[in-house]
Amino acid sequence: MNRYIYGDVSLELFKGDITQQEEMEAIVNAANAYLRAGGGVAGAIHRAAGPELEKESMRLGPIKPGEAVITGAHQLPNTYVIHCLGPVYDRDIPHDKLLADCYQNALDICEEKGIKSIAFPAISTGAFGYPPEEAAEVALRTIMKKMPSLKNVQLIRMVLFGEKDLEIHKETLKKLM
Ligand code: AR6
């Protein structure tokens with residue numbers, strides 16, 4: 001299963017690179033607390049956006065696990081980047097609540113700004129060590145729970161970097177449906 005629809009809102013699972021989501025208004029960065037470039041998704045996003053993104057984002061830091069802030073997208077093909085600080089697994093406790101907060105806060109920002117489409121990476125599942133199966137369940141459950149209350153957001157895309165992560169998300173979505 002790679003799609004779930006509730007009313008006018010779609011959730012889709014996609015294999016790909018978060019920096020190449022041309023049709024999405026906002027993309028989410030799995031950031032560090034100081035909103036510096038860093039590695040992983042953050043490194044890829046900052047490389048594609050150019051140095052002006054870090055200049056803008058750094059002024060908004062530091063942020064705490066679960067928090068989200070918004071900037072422009074600079075040289076990326078999107079309009080906005082929403083930077084979320086995911087929890088470090090087993091260090092930032094309770095990690096499931098803090099991870100859910102990331103998805104909720106990012107969607108709340110979209111609703112406030114009138115953003116219609118948002119692409120998320122699998123926050124915390126790289127350097128921050130969150131097991132991908134557990135993270136997928138938190139992410140999809142949180143998004144699905146929020147979908148009925150969304151008024152502006154119409155498309156939510158999880159962009160998974162590898163085949164295995166896509167499969168995990170497909171299985172999890174099937175289970176939650
Ligand atoms: N597009 C989509 N997904 C990607 C991409 C990409 N271009 N590149 C990696 N992933 P991570 P975290 C996947 O480590 O765990 C950074 O250094 C990757 O396979 O980027 O939240 C920051 O500065 C993994 O599944 O984020 C922070 O310090 C997922 O994205 C720290 O890492 C998240 O991996 C944040 O760690």
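Bear in mind that the values here come from a model prediction, so they are computed numbers and not experimental data.
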With rounding to the nearest 0.5 Å, note down the distance linking CD1 in Ile168 to NZ in Lys164.
-> 4.0 Å

Backbone N or O of Lys113 within a donor-acceptor pair of the Asn152 side chain at under 3.5 Å?
-> no

Transitive ILVMFWY side-chain link Leu99 to Leu160, under 4.5 Å = yes

Full working for side chain to side chain contact (heavy atoms under 4.5 Å, CB included) between Arg36 and His46 = CA-CA 9 Å; Arg36 303 288 305 261; His46 279 274; over 6 Å; no

Ring pair (Phe, Tyr, Trp, His ring centres under 6.0 Å) with Phe120: which of Phe161, Phe14, Tyr103?
-> Tyr103

Is any side-chain heavy atom of Met147 less than 4.5 Å from a side-chain heavy atom of Leu11?
-> yes

Determine yes or no for a side-chain-to-main-chain donor-acceptor pair under 3.5 angstrom, with Ser10 supplying the side chain and Leu155 the backbone.
-> no

Can Arg3 and Glu12 be said to form a salt bridge (Lys or Arg N to Asp or Glu O under 4.0 Å), step by step?
-> CA-CA 4 Å; Arg3 185 182 284 260; Glu12 53 183 44; 2.9 Å; yes

Distance from Met144 atom CE to Leu176 atom CG, nearest 0.5 Å?
-> 5.0 Å

Are any non-hydrogen side-chain atoms of Leu166 and Glu171 less than 4.5 angstrom apart?
-> no

Atom of Cys110, atom of Ile118 and distance for their closest heavy-atom approach = SG-CD1, 3.6 Å

Between Leu35 and Arg59, is any pair of side-chain heavy atoms under 4.5 Å apart?
-> no

Decide whether Leu140 and Tyr4 are clustered together by the hydrophobic rule: side chain heavy atoms of Ile, Leu, Val, Met, Phe, Trp, Tyr closer than 4.5 Å, transitively.
-> yes

From OG (Ser117) to OH (Tyr80), nearest 0.5 Å = 11.0 Å

Do Met58 and Ile63 belong to the same hydrophobic cluster, where Ile, Leu, Val, Met, Phe, Trp and Tyr are linked whenever their side-chain heavy atoms lie under 4.5 Å apart, directly or via other members?
-> no

With the 4.5 Å side-chain cut-off for hydrophobic clustering, are Leu85 and Leu60 part of the same group?
-> yes

Any side-chain heavy-atom pair from Ile82 and Asn29 closer than 4.5 angstrom?
-> no

If you count the non-hydrogen atoms of other residues, nucleotides and ligands that lie under 6.0 Å from CG in Asp17, is the total more than 12?
-> yes

Any side-chain heavy atom of His169 within less than 4.5 Å of one from Leu173?
-> no

Are any side-chain N or O atoms of Ser124 and backbone N or O atoms of Tyr130, one a donor and one an acceptor, separated by less than 3.5 Å?
-> no

What are the two closest heavy atoms between Pro121 and Val41, and how far apart are they?
-> CB-CG2, 4.0 Å

Take Val9 and Gln154 through the side chain to side chain contact (heavy atoms under 4.5 Å, CB included) test and state the conclusion after the steps.
-> CA-CA 4 Å; Val9 191; Gln154 290 175 349; 5.7 Å; no

Asp165 side chain reached by Met158 side chain, heavy atoms, under 4.5 Å = no

Mind running side-chain hydrogen bond (donor to acceptor under 3.5 Å, both in side chains) on Glu134 and Tyr89 for me, showing each step along the way?
-> CA-CA 10 Å; Glu134 285 181 43; Tyr89 193 71; 2.8 Å; yes

Can a salt bridge be assigned to the pair Lys55 and Glu52 using a cut-off of 4.0 Å between side-chain N and carboxylate O?
-> yes

Given the rule that I, L, V, M, F, W and Y join up when any side-chain heavy atoms are under 4.5 Å apart, are Ile5 and Leu150 in one cluster?
-> no

Rounded to the nearest 0.5 angstrom, the CG-NZ distance for Asn2 and Lys174 is 11.5 Å

For Leu107, the option from Ile156, Val28, Ile115 that meets side-chain contact (heavy atoms from CB on, under 4.5 Å) = Ile156

Expected output: side-chain Asn105 to main-chain Gly66 donor-acceptor under 3.5 Å = yes

Atom pair OG1 (Thr172) and NZ (Lys170), whose distance is rounded to the nearest 0.5 Å = 12.0 Å

Start with the C-alpha gap between Arg157 and Glu23, add the side-chain angles, then the distance that decides, and say whether salt bridge (Lys or Arg N to Asp or Glu O under 4.0 Å) holds.
-> CA-CA 11 Å; Arg157 179 179 289 172; Glu23 65 279 37; 3.1 Å; yes

Nearest heavy-atom approach of Thr19 to Ala44 is CG2-O, 3.5 Å

State whether the side chain of Glu56 and the backbone N or O of Thr71 hold a donor-acceptor pair below 3.5 Å, judged by distance alone.
-> no

Could you tell me which non-hydrogen atom of Ala119 sits nearest to which non-hydrogen atom of Val159, and how far apart they are?
-> CB-CG2, 4.0 Å

Taking only residues two or more places apart in sequence or in another chain, which ones pass side-chain contact (heavy atoms from CB on, under 4.5 Å) with Lys151?
-> Glu111

Expected output: side-chain His95 to main-chain Pro87 donor-acceptor under 3.5 Å = no

Quick check: does any side chain N or O of Glu54 sit under 3.5 Å from a backbone N or O of Ala37, one acting as donor and the other as acceptor?
-> yes

Separation of Cys102 SG from His83 NE2 (nearest 0.5 Å) | 13.0 Å

So do Glu163 and Lys15 actually touch side chain to side chain, heavy atoms under 4.5 Å?
-> yes

Using a strict cut-off of less than 4.0 Å between a Lys/Arg side-chain nitrogen and an Asp/Glu carboxylate oxygen, indicate whether Asp92 and Lys64 qualify as a salt bridge.
-> no

May I ask you to test the Lys146-Asp108 pair for a side-chain heavy-atom distance under 4.5 Å?
-> yes

Taking every non-hydrogen atom, the tightest pair across Val138 and Asp96 | CG1-O, 3.6 Å

Where Ala48 and Leu76 come nearest, the two heavy atoms and their spacing | CB-CD2, 3.6 Å

